[in-house]
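Lettering follows sequence order; numbering is per chain, from 1. In this text the structure is predicted, and so the values were computed from the model without any measurement.
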Amino acid sequence: MARVVVVGAGMVGAACAYSLARDGHEVTVVDRGPVGGGTTSRGEGNILVSDKSAGPELALALRSVELWRRIAERLGADTLEWEPKGGLVVATTDETLGALREFATQQAAAGVSCEPVEPGDLSGYEPNLAPDLPGGVFYPGDQQVQPVRATAALLYAARIDGATVRHGVEVLGVRTRSDGQVWSVECRVDGAVVEIDADAVVNATGTWAGDVSARIGAPVPVLPRRGFILVTEPLPRVVRHKVYTADYVSNVASGAAGLETSVVVEGTRGGTVLIGASRERVGFDTTISYAVVRTMAAQAVRIFPFLDRVSLLRVYTGFRPYCPDHLPVIGADSRIGGVYHACGHEGAGIGLAPATGEMIADLVSGRSTFVPAEPFSPDRFVFEAA
Amino acid sequence: MPTFTFDGQPIPFRPGQSVGAALIAAGIYSWRVTRVDARPRGLFCGIGVCFDCLVTIDGAPNQRACRAPAADGISVTTQRGTGHDDLAV
Ligand SMILES: Cc1cc2nc3c(=O)[nH]c(=O)nc-3n(C[C@H](O)[C@H](O)[C@H](O)COP(=O)(O)OP(=O)(O)OC[C@H]3O[C@@H](n4cnc5c(N)ncnc54)[C@H](O)[C@@H]3O)c2cc1C
Ligand code: FES
């Protein structure tokens, strides 16, 4: 069994620790901050198959929804606020409805269950929807968790399987043996530099993975993509499923640098309704943009007219970790033996975490992976740079 | 003296007073029932920060009584839960 240091106590690091500890590895999770204090506490908890087109990310998502189901069974749905509520994607124009239906047909061929919803049936799914929408598609497989609670629950389970979780530990780099294998992880703790012996290190530092991978000496490109979330005052249950507009589908896949907004509305256990999500590439700028907030609010009111009678309590922002090709980096780094990356999940790191953790554990334990790992390999950047 | 009503009862106030101050002066300390455990609530911080003092004014829920200026003829009513029960599905 290997001594594995997982860097990052966010959703992805927690899922890696969970799977590695179940395999019997000696796992230490380190984070410079608290549990889930990074992007994991800055987004929403949508676990979506509905927004992904056929390809490697969809394969990872389909595996993840199955694993989330098992995790909820094992650890208790309430501890994660896991809800298999399904997703309703609505079109606001006939044109987007056509594009959405075509997209859904391709997804169905790739194994996604989905059902077209006629305009007259929309209110049966969501009574508060605007009455004039041209139609939509329902995806029963979409789920939701509370990301920070899910992260804490997976770390708790990992600790029961023997893992250690340490906070206030900033990773500075790794030391290697003469044969190039990882020997230890160099960290700063209370101002002092300490080493943690390790056979393997997993870089699960999300939006900071570009920086941390460079410190380790095995750089991968991970960049920030800003998003705002609007939070309403607490309400009774007003939205049953996750509801979003079909524009989201085209935005996610888009490579455009500018602002993209398309509205995602979800209710939470706490009663607040979350309205997401914008996408902008503006570095790590945390300034609230009222123009963006206004656009998002208007889009939300377009599909749920009652929202114009509801107050917003606050707006928060986060930075999605994205790679230039919009696929996460999961796998062994060929430059330093024992270095693994599990980062760059962009707007789907919560959803994709369990299948990522499983893949890392399979690779560290020397098994073949459930989902083909090759498309996620860090080598795509190594050989690009060479 | 100008007055507003609280659950139908006339409440006199001095110009410049908040709804919350006028209610306290009239001996009323609670005007909201919490959404989870149905506990009574009124002023807590008194300065617009804590949102404990929410109340319904002229049908609009979730107004901070400590910030809302009292005005002649407005109708203030006890708020139960989120104040938006009509939206539940
Ligand atoms: C607005 C918005 C909405 C989103 N909505 C969704 C959604 O609905 N569904 C979904 O699946 N995803 C969503 N996401 C994306 C999701 O939040 C991220 O993909 C996910 O949280 C990434 O998790 P992570 O564990 O990789 O990173 P993080 O949670 O950021 O964890 C990385 C950790 O690494 C630590 N760290 C960094 N550097 C060091 C160092 N040198 N030493 C030690 N520790 C270090 C940090 O402190 C941090 O805790 C959204 C994101 C945003 C911004
Ligand atoms: S009493 Fe605190 S906001 Fe009114």
When you look at CD of A:Glu95, are more than 12 heavy atoms from neighbouring residues, nucleotides or ligands closer to it than 6.0 Å?
no
Minimum heavy-atom distance between B:Arg35 and A:Gly270, given as atom pair plus value:
NH1-O, 2.9 Å
Within 6.0 Å of CZ in B:Arg14, more than 12 heavy atoms from elsewhere
no
Closest approach of B:Thr82 to A:Pro236 (non-hydrogen atoms, all atoms of both residues)
OG1-CD, 3.2 Å
Just wondering, are more than 12 heavy atoms of other shown residues or ligands nearer than 6.0 Å to CZ in A:Arg74?
yes
Does atom OH (A:Tyr290) have a neighbourhood of more than 12 heavy atoms from anything else shown, all under 6.0 Å?
no
A:Val310 to B:Leu87 - nearest heavy-atom pair and separation
CG2-CD1, 4.1 Å
Is there side-chain contact between B:His84 and A:Thr232, with heavy atoms separated by less than 4.5 Å?
no
Quick check on A:Arg240: does its CZ atom have over 12 non-hydrogen neighbours (other residues, nucleotides or ligands) under 6.0 Å away?
yes
Quick one: does A:Glu233's side chain get under 4.5 Å of B:Leu54's, heavy atoms only?
no
